[in-house]
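These notes concern the structure reproduced below.
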Amino acid sequence: MTMDSGTGTDSGSGSGREFEIVREFEVDSPPRDVWEAVTTGTGGWLWPMVYEPRVGGDAAHGAVVTAWDPPRHLAVRSDHPGALPPEQNADHLEHLIEPRDGGRRSWVRHVHGGTFVVGARDMRNAPDAPGIRGVQGHRDIPDVQIPESLSNSEGLSNPKSPHNPKSLRNPRNLRSSKSPRTPRSARGNRGIQAGRAAEAAQAARAAQDWDDQYEAASKHTDFYLHSLRQYLTYFVGRPVTFTALDAPAAAADASAFVRLAQELGLPDDASEGARVRLGAAASELDAVIDFRTTYFIGLRTEDALYRFFGRNHFGRPVALSIHDFAPGADAKGTEAAWHDWLTRLYA
């Protein structure tokens, strides 16, 4: 059984909004294997991470271990914005593991939460914005309409405005030598209306930005946890060589992920469970499609997990990770081959 849920609340600091993503599922693996996978084996399904095995120990992104109870409970927390991706200023991760069927199986509760930074969309779009390590949203923010009365009144204050009658733009057509003056109270009302419109636009952008970030994080969580289950089923305990690559900037285009699937030779109608033979990076892959959606593709061979990320849907270039369990795997050679492949594809 899988349980999906998530929440969002104001952080109270004025600088972000909290989020929490919760997933629960069962796997055909004993608790010790699950514990190994989420602590020392993360390179086999996520990316390599190191935990100092004690409460108060160090973890990735400036985090601190807040629970260490093998093989039942792991929790870490980071409240150091400088060590986190720019779209977050707090992050926490928790795994609860319980035995099922006499310890032959496990129930897992995964919780990922923290605080998304309000206005991260504007920071990402700034010309001098730093490289973004996290996942991003892409939807357009709906326009906030200015009241017609406000638009007209602003037009009257500009002699060249097309909203002005011709007689008002040409002083010679006026019957009086004195131009009508806008009462001070009306000017004050215009300022209040403009301020409220600006606040409404800012609030709309902040809310949409949070929604986009939450959607991206939620979809990535499902793909990562699927990869965890693949690792537990087929590769648990095996040494792994990890490789991760971002495609060139052109791979942020709307059609970039479709192009990748086509270049791989992945048939449009090939669904999860199908066995395919694909050509990529100067080699052929005899693989099973273990995951396929609009946003992600997962391929499994006898010795590796290939994870393809359609992050162009979230405003970033396409990316991939390779978890290679073959003895003597060549990390540098693998990275160079796939780098060349991606560069040619998105040239």
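No donor-acceptor pair under 3.5 Å is formed between the side chain of Asn312 and the backbone N or O of Ala251. No donor-acceptor pair under 3.5 Å is formed between the side chain of Ser106 and the backbone N or O of Pro99. No donor-acceptor pair under 3.5 Å is formed between the side chain of Asp69 and the backbone N or O of Arg72. Under a 3.5 Å cut-off, the side chain of Arg109 and the backbone N or O of Ile97 do not form any donor-acceptor pair. Formation of a donor-acceptor pair under 3.5 Å by the His110 side chain with backbone atoms of Leu225 is not found in this model. Judged by distance alone, with hydrogens and angles left aside, the side-chain atoms of Glu52 form a donor-acceptor pair with the main-chain N or O of Asp58 at under 3.5 Å.
By the 6.0 Å and 45° rule, Arg54 does not stack over the aromatic ring of Trp68.
Under the 3.5 Å distance criterion, with hydrogens and angles disregarded, a donor-acceptor pair is assigned to the side chains of Asp253 and Ser255. No side-chain donor from either of Arg300 and Thr233 sits under 3.5 Å from a side-chain acceptor of the other.
Sorted by first and then second residue, the salt bridge (Lys or Arg N to Asp or Glu O under 4.0 Å) pairs with a member in residues 331-340 form an empty list; sequence neighbours excluded. Evaluation of the salt bridge (Lys or Arg N to Asp or Glu O under 4.0 Å) test over residues 266-276, restricted to residues two or more places apart or in two chains, returns Arg275-Asp286.
Using a 4.0 Å cut-off between charged nitrogen and carboxylate oxygen, Arg105 and Glu26 count as a salt-bridge pair. Residues Asp101 and Arg104 are not paired through a salt bridge, judged by the lack of any N-O separation under 4.0 Å between the basic side chain and the carboxylate. Of the charged side-chain nitrogens involved, at least one lies within less than 4.0 Å of a carboxylate oxygen, so that Arg307 and Asp290 count as a salt-bridged pair. We find that Asp91 and Arg77 are not joined by a salt bridge, their nearest charged nitrogen and carboxylate oxygen being 4.0 Å or further apart.
With a 4.5 Å cut-off on side-chain heavy atoms, Leu299 and Val288 do not count as touching. The shortest side-chain heavy-atom distance between Leu305 and Gln230 falls under the 4.5 Å cut-off. Within the 4.5 Å cutoff, side-chain heavy atoms of Arg32 are placed close to those of Pro70. With contacts defined as side-chain heavy-atom distances shorter than 4.5 Å, the pair Trp338/Thr243 does not qualify. Residues Val27 and Trp107 form no side-chain contact, since every pair of their non-hydrogen atoms from C-beta on lies 4.5 Å or further apart. Side-chain contact check for Tyr231 versus Val240: every heavy-atom pair is 4.5 Å or farther apart. Side chains of Val108 and Leu96 form no contact here, defined as non-hydrogen atoms less than 4.5 Å apart. Using a 4.5 Å heavy-atom threshold, the side chains of Tyr51 and Leu74 count as touching.
Atom CZ of residue Phe309 and atom NZ of residue Lys219 lie 14.5 Å apart, to the nearest 0.5 angstrom. Taking CH2 of Trp47 as the start and OG1 of Thr42 as the end, the distance is 9.0 Å to the nearest 0.5 Å. Here the NE2-CG distance, from His61 to Leu93, works out to 10.5 Å after rounding to the nearest 0.5 Å. To the nearest 0.5 Å, atom CG of residue Leu245 and atom CH2 of residue Trp341 are 11.0 Å apart. Taking CZ of Phe308 as the reference point, atom CG of Leu266 lies at 9.0 Å (rounded to 0.5 Å). In this structure, the separation between CG on Leu232 and CG on Asp28 is 10.0 Å, given to the nearest 0.5 Å.
Aromatic pair His220/Phe314: centroids less than 6.0 angstrom apart. Between Phe235 and His323, the distance from one ring center to the other does not fall under 6.0 angstrom. Aromatic ring centroids of Phe291 and Phe223 lie under 6.0 Å apart. Between Phe19 and His112, the ring centre distance stays below 6.0 Å.
Surrounding NE2 of His73 are more than 12 heavy atoms belonging to other residues, nucleotides or ligands, all under 6.0 Å away.
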For the pair Val111 and Glu20, evaluate side chain to side chain contact (heavy atoms under 4.5 Å, CB included) and give the outcome as yes or no after the intermediate values. CA-CA 7 Å; Val111 181; Glu20 186 172 78; 3.7 Å; yes

Begin from the C-alpha positions of Val318 and Arg311 and carry the test side chain to side chain contact (heavy atoms under 4.5 Å, CB included) through to its verdict. CA-CA 5 Å; Val318 166; Arg311 290 178 179 155; over 6 Å; no

Apply side chain to side chain contact (heavy atoms under 4.5 Å, CB included) to residues Ser321 and Tyr306 and explain how you reach the verdict. CA-CA 6 Å; Ser321 67; Tyr306 293 82; over 6 Å; no

